[in-house]
Q: 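Can you keep this structure in mind? I'll have questions shortly.
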Amino acid sequence: MPVTVIIGSQWGDEGKGKVVDLLSPSVDVVARYQGGANAGHTICWEDKTFVLHLVPSGIFHDGVTCVIGNGVVIDPVALMEEIDTIKSLGFGVDGRLLISHNAHLIMPYHKRVEAAIEEARDAGAIGTTGRGIGPAYVDKFARTGIRVVDLLDRDVLRKKLARSLEEKNALLRKVYGAETLDVDAIIEEYVEFDKRIDPFVTDTTAFLHNALAEGKTVLAEGAQGSLLDVDFGTYPFVTSSHPSAGGACTGLGIPPTSVNRVIAIVKAYSTRVGNGPFPTELDNEAGEKLRAVGHEFGATTGRPRRCGWLDIVALRYTSSINGFTELAVTKLDVLTGLEELAICTSYRVDGKVSERFPSDAQTLQTVEPIYEYLPGWTEDITGARSLSDLPGNARKYLERIEELMGVPVRLVSTGPKRSQTITVAGSAA
Ligand code: GDP
């Protein structure tokens, strides 16, 4: 029962899109299991760059069926735009894109409420992307959400919407002094949306069960990273869903026993968007170099990402939660030219050395990273196609990651293009 789960092992933006794109030709189904249109997966080939927010990156490969699972929250506007772009590039979506009837919809009031909350929080903002994803998940768990299936029956839709809007409008007006919304305008917009997505909507869980029963291979694709998981991340600076491997099961309806491979996407250094503790952050020239060379600006928001050294304490923690079976190290090329590289191997907490990752934000804020240093390299590695093409010090860096993690490195990415990839048959060491 071959399901492979691709996990962002850090705070997101690890380069999952490229790895999913690389693996897609060898699978039958690519299924997205959580998050919304806040994720930006960048795929580059033949000098073209595409950023996908909702549709799984496998859509660029004929013969691959792409699933948007029940765990995803769907912004109709973003989805329609994305489908139009994919079509305009000459790729078919009919029969290849399936949308779960149980997925929740992002409604206009989710965006408005999120903007109002974020504005009111001001300095204490958790740095949301303003796309209404958090409030949509809040409604999902409050059992007041509107799902794709609700679009089928206009009366049901109107009733649910009216009930929800009554509460949301009161909140907007009375608490935040923001503009309210009108039921009819929303119905009109979502009825149009329903007409367009109708051919794609299905019971995706049943589809996946059938696919697995037929021996088909499934790649489960998350968004963001494990350190942003609502339970296991640095709460409250987290996303509102489960990017961790467990999220693949609940966000698609597949059994844990169907997963036999969990690939960790590990950026060769660390980045984080928005607020929240970040022990290995570099507030210096090296950090600026990583940001500039690595183009560390959000694919969706354009926000500059905070940059820092690789944090093995955090990675071991995410490995323990996800059960990584292999590592894919990305953006190794960005480290080229740095004289010395640091890897954080433990923390000092209250004067004591600790290898434990305290995921609560208050404690993590106080830890001091303890580093081990490795020599850097100056050679351009973007043309490397095998480990032996890499300079010795780049190989040593990979070997050390592998040793510290106790998980083999099976893929190394040395540039954004598909061709700039090293696949490792054995281990890097
Ligand atoms: P994702 O959300 O995890 O898919 O990550 P993003 O797509 O937001 O960010 C990854 C960025 O790094 C994209 O612009 C990719 O094209 C780029 N990228 C991926 N792998 C590499 C790599 O090995 N080297 C460099 N320089 N860029 C890479």
Side-chain angles (χ1 to χ4, degrees), residues 5-24 30 32-60 72 129 133 219-228 239 241 243-244 263-274 289-307 310 318 327-338 380-385 389-390 394 397-398 401 409-424:
V5 186
I6 302 280
I7 301 282
S9 65
Q10 294 145 314
W11 280 285
D13 309 311
E14 296 92 351
K16 295 177 291 293
K18 171 175 166 175
V19 179
V20 172
D21 180 55
L22 280 168
L23 297 180
S24 291
V30 181
R32 171 83 187 272
Y33 60 83
Q34 50 71 235
N38 52 350
H41 287 327
T42 313
I43 295 138
C44 303
W45 90 95
E46 293 168 2
D47 298 326
K48 296 188 198 104
T49 300
F50 306 100
V51 183
L52 291 178
H53 302 290
L54 274 168
V55 177
S57 348
I59 203 75
F60 295 125
V72 177
T129 51
I133 294 162
L219 197 63
E221 173 188 18
Q224 293 99 25
S226 278
L227 295 173
L228 293 174
T239 196
S241 58
S244 302
I263 306 179
I265 313 303
V266 180
K267 198 185 300 201
Y269 48 97
S270 307
T271 61
R272 162 155 218 173
V273 178
K289 183 178 185 279
L290 291 176
R291 185 175 309 115
V293 179
H295 303 289
E296 295 298 352
F297 298 89
T300 305
T301 60
R303 280 191 284 186
R305 297 177 186 143
R306 298 154 67 196
C307 298
L310 193 70
T318 56
L327 310 178
V329 178
T330 61
K331 299 192 115 172
L332 190 66
D333 54 302
V334 176
L335 298 182
T336 301
L338 289 166
D380 178 5
I381 61 165
T382 55
R385 297 296 175 265
D389 293 339
L390 291 175
Y397 188 69
L398 294 171
I401 295 173
V409 172
R410 293 276 189 237
L411 187 146
V412 181
S413 174
T414 59
K417 294 193 179 142
R418 281 177 180 170
S419 59
Q420 292 170 316
T421 307
I422 297 170
T423 37
V424 186

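When a ligand or atom number is given, it counts from 1 through the structure's own listing order. Reckoned from all heavy atoms, side chains included, excluding hydrogens, waters and symmetry mates.
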Q: Looking at ligand 1, is there an atom of it that comes within less than 4.0 Å of some heavy atom belonging to Arg418?
A: no
Q: Look only at interatomic distance and state if Gly17 has a nitrogen or oxygen under 3.5 Å from any nitrogen or oxygen of ligand 1.
A: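 N/O-N/O distance below 3.5 Å exists for this pair.
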Q: Please work out whether any backbone atom (N, CA, C, O) or any side-chain heavy atom from C-beta onward of Arg305 is under 4.0 Å from ligand 1, and answer side chain, backbone, both or neither.
A: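 Arg305 to ligand 1: side-chain contact only, backbone stays beyond 4.0 Å.
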Q: Taking the side chain as every heavy atom from C-beta outward, state whether Leu22 and Arg418 have any pair of such atoms under 4.5 Å apart.
A: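 Result yes, sub-4.5 Å side-chain heavy-atom pair found.
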Q: So Ile263 and Leu23, do their side chains get closer than 4.5 Å, heavy atoms only?
A: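 With C-beta onward as the side chain, the pair touches.
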Q: Would you mind listing which atoms of ligand 1 come within a distance below 4.0 Å of any non-hydrogen atom of Ser413?
A: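 Heavy-atom distances to Ser413 below 4.0 Å select 20 (N), 21 (C), 22 (C), 23 (O).
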Q: How does Asp333 reach ligand 1, if at all, at less than 4.0 Å between non-hydrogen atoms: by side chain, backbone, both, or neither?
A: side chain
Q: Which option wins on minimum heavy-atom distance to atom 11 (C) of ligand 1: Lys18, Lys417, Lys331?
A: Lys331
Q: Could you go step by step and tell me if Gln10 and Leu310 meet the side chain to side chain contact (heavy atoms under 4.5 Å, CB included) rule?
A: CA-CA 9 Å; Gln10 294 145 314; Leu310 193 70; 3.6 Å; yes
Q: If you measure from each non-hydrogen atom of Ile265 to ligand 1, which part falls under 4.0 Å: side chain, backbone, both or neither?
A: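 For Ile265, there is no contact with ligand 1 at all, from either part.
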Q: Distance-only, no hydrogens or angles: does the Arg385 side chain make a donor-acceptor pair with backbone N or O of Gly383 under 3.5 Å?
A: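 Yes; judged by distance alone, with no hydrogens or angles, the pair exists.
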Q: Taking Arg410 for the side chain and Ala328 for the main chain, is one N or O donor matched with an acceptor at less than 3.5 Å?
A: no
Q: If you take all heavy atoms of Ser57 and Asp21, which pair is closest and at what distance?
A: O-OD1, 4.4 Å
Q: Under 4.0 angstrom from ligand 1, any heavy atom of His295?
A: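 Not so, His295 does not reach ligand 1.
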Q: Pick whichever of Gly8, Gly15, Ala328, Pro416 has a heavy atom sitting closest to atom 10 (C) of ligand 1.
A: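 Considering heavy atoms of Gly8, Gly15, Ala328, Pro416, the nearest to atom 10 (C) of ligand 1 sits in Gly15.
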Q: Does ligand 1 have any atom that is closer than 4.0 Å to a heavy atom of Gly415?
A: yes
Q: Are Thr330 and Lys18 close enough, and set up right, to give a side-chain hydrogen bond (donor to acceptor under 3.5 Å, both in side chains), and what steps lead you there?
A: CA-CA 9 Å; Thr330 61; Lys18 171 175 166 175; over 6 Å; no
Q: Short N/O distance, under 3.5 Å, between Thr330 and ligand 1?
A: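 No; every N/O pair is 3.5 Å or more apart.
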Q: Short list, please: which atoms of ligand 1 are under 4.0 Å from a heavy atom of Lys16?
A: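 What qualifies from ligand 1 is 1 (P), 2 (O), 3 (O), 4 (O).
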Q: Measure from the side-chain N and O atoms of Arg291 to the backbone N and O of Thr271, and report whether any donor-acceptor pair falls under 3.5 Å.
A: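 Such a contact is absent between Arg291 side chain and Thr271 backbone.
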